[in-house]
Novice: 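Sharing a structure below in structure tokens format, with a few things to ask.
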Amino acid sequence: MITGRGLATVAALLLLSGCVSTAGSQGPVVSTPTVGEFAGLLHDFGHKTRIGTDDAGDPMLMVNEGGDNFIVYFYDCDGSGGGTERRCTGAELNVSYPGKTVTLDRINEINRTYRLAKAYVRDSGDPALSMALNTGGTFAGGHVTDSLEWWQAAMRGFEEDIGWKK
Amino acid sequence: MEEMTRYAMNETRRRIAAAAMAAAAVLAATPVLAAAEDRTAIVSRVTAGMVSETMKDHGYTAYVDKDGEGDPMVIGTVDGTRFGVIFFDCEKTGAMPDRACTDVEFTALYTLKKKLPLKTLNAWNAGNAFGKAYLRDDGDVALEMPINLADGVSISYLDSTLEWWDAVRQGFEKHIGWK
């Protein structure tokens with residue numbers, strides 16, 4: 001488990017080491033961010049979020065992005081409970097498409113060709129798209145922005161591939 | 001995703017697979033990187049050499065090679081599993097270890113005696129956030145873990161990435177009964 005550091009501490013260290021310049025254009029620097037800090041990065045991207053609790057009792061974020069709804073699950077979190085102060089080394093962006101049928105052969109083909117996201121079929125039969133983000137260690141907010149752009153492109157591509165109409 | 005991107009991906013993967021399974025392990029020299037001294041410093045360029053050196057820090061054997069498209073790749077071994085790290089959107093000039101790229105994909109291939117059902121792979125993909133598994137045309141099973149490295153990460157970020165790869169690979173090998 002990677003122990004996170006506070007934003008202010010990391011920023012101070014970066015200033016002292018003279019490395020803050022490269023991060024300047026890449027947004028705030030975080031280190032294994034809390035769920036709340038991660039939600040802040042989503043807000044910076046223009047997403048609205050609501051905090052919730054998943055089946056395991058861990059925090060999750062429900063995201064609304066211009067008519068799209070997806071969920072962010074968190075993994076390898078310190079502490080316990082569904083609060084926003086927990087630090088997690090992994091996050092998963094996840095969306096499912098109820099009522100749509102996609103064969104496992106097609107899912108396999110999608111997984112062979114997609115770059116950062118993956119697809120699977122839930123026990124319910126609904127297809128789902130997922131993209132994991134490492135959130136352990138130190139990184140800039142701009143990195144999350146870039147990942148969210150990948151995620152938006154993946155959702156659009158998947159919806160086209162499975163013939164999903166809103 | 002554009003068709004061109006998909007095509008390029010498949011071609012690259014075929015070459016990586018061939019290289020990863022090659023018997024000879026030619027160790028290429030990789031430079032020691034000053035950036036590794038402060039593992040929390042944000043680096044604007046993540047090079048193949050940085051990834052390779054971080055893998056060594058974690059006890060992997062690793063060396064930088066060149067793939068069929070002229071981009072860098074890293075061949076790594078841990079716990080007897082040989083795998084490739086494929087790089088995307090790379091700089092096109094300079095020594096292979098010094099070229100920066102925007103994202104990577106850890107890729108391991110498994111040749112099984114019996115073809116694995118797609119439902120087994122789907123169960124893995126459904127139950128694990130990190131890593132994706134799929135069946136190749138040749139019957140081999142591929143496990144991949146793509147990670148974005150663009151716009152501001154650090155060596156400590158690579159440390160965490162490798163911890164995830166360790167967990168993903170070990171969990172998947174247990175899932176398919178790989179020994």
Side-chain angles (χ1 to χ4, degrees), chain A residues 1-2 5 10 13-14 17-20 22-23 25-27 29 31-32 73 75-76 89-92 94 103-105 107-123 128 130-147 150 153-154 157 161, chain B residues 1-3 5-10 13 35 37-45 88 102-103 105 117-137 142 144-165 167-168:
Chain A
M1 180 67 194
I2 297 171
R5 295 187 177 89
V10 172
L13 284 171
L14 288 168
S17 63
C19 294
V20 77
T22 55
S25 61
Q26 296 163 337
V29 172
S31 186
T32 314
Y73 296 104
Y75 298 91
D76 190 25
T89 71
E92 177 194 11
N94 190 291
T103 67
L104 289 183
D105 280 329
I107 292 289
N108 192 67
E109 178 64 18
I110 286 169
N111 285 334
R112 192 164 53 179
T113 53
Y114 279 29
R115 190 145 146 190
L116 289 177
K118 71 173 175 183
Y120 62 90
V121 176
R122 294 182 185 279
D123 290 342
S130 160
M131 192 173 103
L133 304 179
N134 173 42
T135 54
T138 304
F139 54 97
H143 169 68
V144 175
T145 297
D146 188 73
S147 295
W150 272 103
D161 282 345
Chain B
M1 304 287 288
E2 296 178 2
E3 287 302 319
T5 306
R6 291 179 179 178
Y7 176 76
M9 280 284 292
N10 289 338
R13 284 174 181 160
E37 292 174 3
D38 180 359
R39 301 183 91 81
T40 64
I42 295 293
V43 289
S44 56
R45 298 170 64 255
F88 297 98
T102 64
D103 55 292
E105 189 173 270
L118 288 179
K119 66 179 182 181
T120 301
L121 297 179
N122 186 67
W124 163 264
N125 288 327
N128 294 273
F130 282 81
K132 68 175 173 180
Y134 64 87
L135 198 61
R136 289 160 42 104
D137 287 340
E144 298 177 349
M145 191 183 83
I147 292 290
N148 183 21
L149 298 175
D151 293 341
V153 297
S154 64
I155 299 299
S156 67
Y157 188 89
L158 296 180
D159 289 334
S160 180
T161 296
L162 287 169
E163 289 174 10
W164 277 116
W165 175 239
V168 165

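Naming: A, B, ... by sequence-line order, numbering from 1 per chain.
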Novice: Heavy-atom distance under 4.5 Å to chain A: side chain of B/A133, backbone, both or neither?
Specialist: backbone
Novice: Let's test your reading of the structure: which of A/L133, A/I110, A/D123 forms the most heavy-atom pairs below 4.5 Å with chain B?
Specialist: A/L133
Novice: Would you mind telling me which of B/G131, B/A123, B/A129 has the largest number of heavy-atom pairs within less than 4.5 Å of chain A?
Specialist: B/A129
Novice: Search all heavy atoms of A/L116 against all heavy atoms of B/P146 and return the closest pair with its distance.
Specialist: CD2-CB, 3.5 Å
Novice: Could you give the distance from CG (A/D146) to OG1 (B/T102), rounded to the nearest 0.5 Å?
Specialist: 7.5 Å
Novice: Quick one: what part of B/A150 sits under 4.5 Å from any heavy atom of chain A, side chain, backbone, both or neither?
Specialist: both
Novice: Under 4.5 Å from any heavy atom of chain B, what part of A/D105 do you find: side chain, backbone, both or neither?
Specialist: both
Novice: Can you measure from CE (A/M131) to CZ (B/F130) and round to the nearest 0.5 angstrom?
Specialist: 10.0 Å
Novice: CG of B/N128 to CD of A/E92: how many Å apart, nearest 0.5 Å?
Specialist: 9.5 Å
Novice: Consider side chain to side chain contact (heavy atoms under 4.5 Å, CB included). Of A/I107, A/V121, A/N108, which one does B/L118 pass it with?
Specialist: A/N108
Novice: Identify the two heavy atoms, one from A/R115 and one from B/E105, that lie closest to each other, and give their separation to 0.1 Å.
Specialist: O-OE1, 3.7 Å
Novice: From B/T161 OG1 over to A/N134 CG, what is the distance, rounded to the nearest 0.5 angstrom?
Specialist: 4.0 Å
Novice: Is B/L149 close to chain A through its backbone or its side chain, or both, or neither, when contacts mean heavy atoms under 4.5 Å?
Specialist: backbone
Novice: Checking A/S147 against chain B: side chain, backbone, both or neither under 4.5 Å from a heavy atom?
Specialist: both
Novice: Roughly how far, to the nearest 0.5 Å, is OG of A/S31 from OH of B/Y157?
Specialist: 12.0 Å
Novice: Checking A/L104 against B/K119 for the side chain to side chain contact (heavy atoms under 4.5 Å, CB included) test, could you report, in this order, the C-alpha distance in whole Å, the side-chain angles of both residues, the deciding distance, and whether it holds?
Specialist: CA-CA 7 Å; A/L104 289 183; B/K119 66 179 182 181; 4.1 Å; yes
Novice: What are the two closest heavy atoms between B/N148 and A/H143, and how far apart are they?
Specialist: O-CE1, 2.9 Å
Novice: Kindly indicate whether the side chain of B/I42, heavy atoms from C-beta on, has any atom under 4.5 Å from the side chain of A/V29.
Specialist: yes
Novice: Could you report the tightest heavy-atom contact between A/T138 and B/T40, atom names first, then the distance?
Specialist: CG2-O, 3.4 Å
Novice: Which atom pair, heavy atoms only, marks the closest approach of A/R112 to B/Y134?
Specialist: CG-CE1, 3.3 Å
Novice: Check whether any side-chain heavy atom of A/Y75 lies under 4.5 Å from a side-chain heavy atom of B/W164, and answer yes or no.
Specialist: yes
Novice: Could you walk me through whether B/K132 and A/Y114 pass the side chain to side chain contact (heavy atoms under 4.5 Å, CB included) test, one step at a time?
Specialist: CA-CA 10 Å; B/K132 68 175 173 180; A/Y114 279 29; 4.0 Å; yes
Novice: Could you tell me which non-hydrogen atom of A/W150 sits nearest to which non-hydrogen atom of B/D103, and how far apart they are?
Specialist: CZ2-OD1, 4.4 Å
